[in-house]
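What you see is a predicted model, and the numbers here were worked out from it, not measured in a lab. Chain A is the first sequence line, chain B the second, and so forth, proteins listed ahead of strands; every chain is numbered from 1.
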There are 2 protein chains.
Amino acid sequence: MARKQAARPFALRPRLADVARDAGVSTMTVVRVLRDPDKVAKITRERVTASLRKTKYTPDLVARALVSRRSGIVGAIVPTLANSLIAEVMQGMTAELALHEQQLIVGTSTYSARHEEALVRSFLSRRVDAIYLTGTSHTPETVKLLKAAGVPVVEGGNLPQTPIDLAVGLSNFAAAGSVVEYLLARYGTNIGFLGGSTTNNDRMRDRRHGFRKCLARAGARVDPRYVIEVPISMAGGRTGIGALLALDRPPRAVFCATDVIAAGAVLECRRRSIDVPGDVAIAGYDDLDIASELVPSLTTVRSPRYEIGRKSAQLMHLCLTGNRPQQSIFDLGFVLMARESA
Amino acid sequence: MARKQAARPFALRPRLADVARDAGVSTMTVVRVLRDPDKVAKITRERVTASLRKTKYTPDLVARALVSRRSGIVGAIVPTLANSLIAEVMQGMTAELALHEQQLIVGTSTYSARHEEALVRSFLSRRVDAIYLTGTSHTPETVKLLKAAGVPVVEGGNLPQTPIDLAVGLSNFAAAGSVVEYLLARYGTNIGFLGGSTTNNDRMRDRRHGFRKCLARAGARVDPRYVIEVPISMAGGRTGIGALLALDRPPRAVFCATDVIAAGAVLECRRRSIDVPGDVAIAGYDDLDIASELVPSLTTVRSPRYEIGRKSAQLMHLCLTGNRPQQSIFDLGFVLMARESA
DNA sequence: TTCCGCGATGTTAGCGCATACATCGCAATA
DNA sequence: TATTGCGATGTATGCGCTAACATCGCGGAA
């Protein structure tokens, strides 16, 4: 039976059949013009092209996804978007995805592995071509689902021991160690540490661990009073540096596990007219925007967050085009930003 | 012809038909169990439910979208995700969308109306249920496409004169005016202004305009040397406040069109041991994280960015459920955050 | 001339789901 | 008893696209 015009009252958009009718060819010919034009005779091609323009045809990607089993959509699950580091990862990912006409669908897990699992289910139902997860801690069910789904999975951020599939990121441990080494070389072993809570936070744990290991390797003993846990805020940095400076023998340098803490520490020192780095050197972690804006500007370490997003998308694309890399863990390293504060 | 098992080698996921076969019913009965279980007899329902669990069925949302003409996906186009204000809007949007089992697909236009247009095309091809746009300046073609598409469109952020469809946001003009009024009441008419470039930036333009109008309404004349355009950075704030303080009669208060500029100004004053707000009061705009962290904490004005995202998603949902509101412009206002700096 | 080969185009059959309509059986009603 | 009504379930169709196969027609080789 011929398709009745009246049968689709809501379909305003032209379909392939409409273009085909207009050009006086079959739908397949239109498809060929769209996908590999070389297989269509020049005259026909031009006629079809004209009809395409005339009808303002745009492909229906939903229908295409149904039959081609490629949605062209990549799912990313992040704890929150209101975090500049994570946002930059997404920024890098969208940039790379755009090159392959892929789209990004984001879900926010609000730091809950349960929510993450729900989002994974939902994404798989949507037949996403690949999935990006933030971090390395997931429910067992999430892991199972993903392994069964057979789609590329990238875990981004802090590198896991055993990735679900692929992993892209850096070692917080190594990056922290690098900062401490820098401080060691310039200020000796008399180094303090201000970090946030390590519960449910593997990055924080790795940074503190990096600090400890690095000092140990240098043969230095860490005074327990030198390692202080504070809230991750400028206020935390203020009180933390206050506590360190109040010691009978205050540290010559302080490694803050976050720029936010470091900024608070620097500002507090300035308030007390304590010279940074003259009296006490201060280094941070993250290279947030404020790091370079502070006076003195903050010595810190920068994770390649934009690159993590970009690389993740690249890897996904490679997998989807059958060029799966041998390697499964991609350590993108970090950059020590030596500035004025240390 | 009966479906051959061997005919779908790649389809690992169970379909409705698989569940139906297992439960010994037709696919329609399974659909009913899924969508409105009341219409199915209890015994049947339980049998189907068991089969659903057994087969681990998950609906294929792509297929569903094709036939139901609802993708359950909302598209958002933002200039960048690497901006905490925008990220918070997205945060609010995902939170609200999650309530309706909708998903967010984001595109970054990198502040280019051309890119935005391409993203709109792409989103429409994906049959998104609604579209969120950041800001009010779009190509004519974008507007045409969106009006023709017949999907709800929300423009978020600074409120437009004539929205494409719906608009949610606040008046930068009014918000800036509110800060200036606050300064007027406390420090008199002797007020300076530090703002960024207004080219291609309607928000900045509105804020400056708000500053001017407010002073004019108070009967004050604005010394042209009091209005300075600086780069939107702390450094900009530093040099800007420096220039104002170097005047023979420096302003008693300064309104900075961005917290970043304000922060630079405050820090510069502290460096020079100029009391804030004792010698000069400083107010900002945006209520970034640093605003409350600074010493003195920054008086500023806060846009309801999270709420903008949430409200936008709510409106979309209302439209999609046939409850389109009368109103088309939603002014969510702003909050003056009176703190220490002014 | 006859037939082959191949470039150019068309036809068929679903992808997995949901809408619209059809059917069945049983209890209540006239 | 025949009829009606309705709750419970099934069948047919097609969303818009594409993979796989089918067909057509024309120039060149036998």
Rounded distance in Å - CG (D18(A)) to P (dC15(D)): 11 Å
Side chain D36(A), main chain D38(A), donor-acceptor under 3.5 Å: no
Carboxylate-amine/guanidinium contact K54(A) D22(A), below 4.0 Å: yes
D60(B), nearest nucleotide to its side chain (from dT11(D), dC17(C), dA8(C)): dC17(C)
Separation of atom CZ in R35(A) from atom C1' in dT18(D), rounded to whole Å: 7 Å
Considering all heavy atoms, the nearest F330(B)-K311(B) contact: CD2-CE, 3.7 Å
Length of the line joining K42(B):NZ and dG7(D):P, which is rounded to integer Å: 19 Å
Sugar-phosphate only, base, or nothing, as touched by V40(A) at under 4.0 Å among non-hydrogen atoms: sugar-phosphate
Touch class at under 4.0 angstrom, heavy-atom based, for R127(A) against every strand present: sugar-phosphate
dT9(C) OP1/OP2 closer than 4.0 Å to side-chain N/O of T44(A): yes
L16(A) CG - dG10(C) C1' separation (whole Å): 14 Å
Interatomic distance, R70(B) CZ vs dG16(C) P [rounded to whole Å]: 24 Å
Those residues that, when tested against T142(B), pass side chain to side chain contact (heavy atoms under 4.5 Å, CB included) (two or more places apart): E116(B), E117(B), V120(B), H138(B), T139(B), L146(B)
Minimum-distance nucleotide to M28(A) side chain [options: dA8(D), dA20(C), dT11(C)]: dT11(C)
Sugar-phosphate, base or nothing in reach of L66(B), heavy atoms under 4.0 Å: base
Sugar-phosphate only, base, or nothing, as touched by R32(B) at under 4.0 Å among non-hydrogen atoms: base
Nearest-Å distance for atom pair CG/C1', residues D36(A) and dA19(D): 13 Å
Contact under 4.0 Å: R64(A) side-chain N or O vs dT18(D) OP1/OP2: yes
Sugar-phosphate only, base, or nothing, as touched by T29(A) at under 4.0 Å among non-hydrogen atoms: sugar-phosphate
Closest to the R69(A) side chain, choosing from dG16(C), dC17(D), dA19(D): dG16(C)
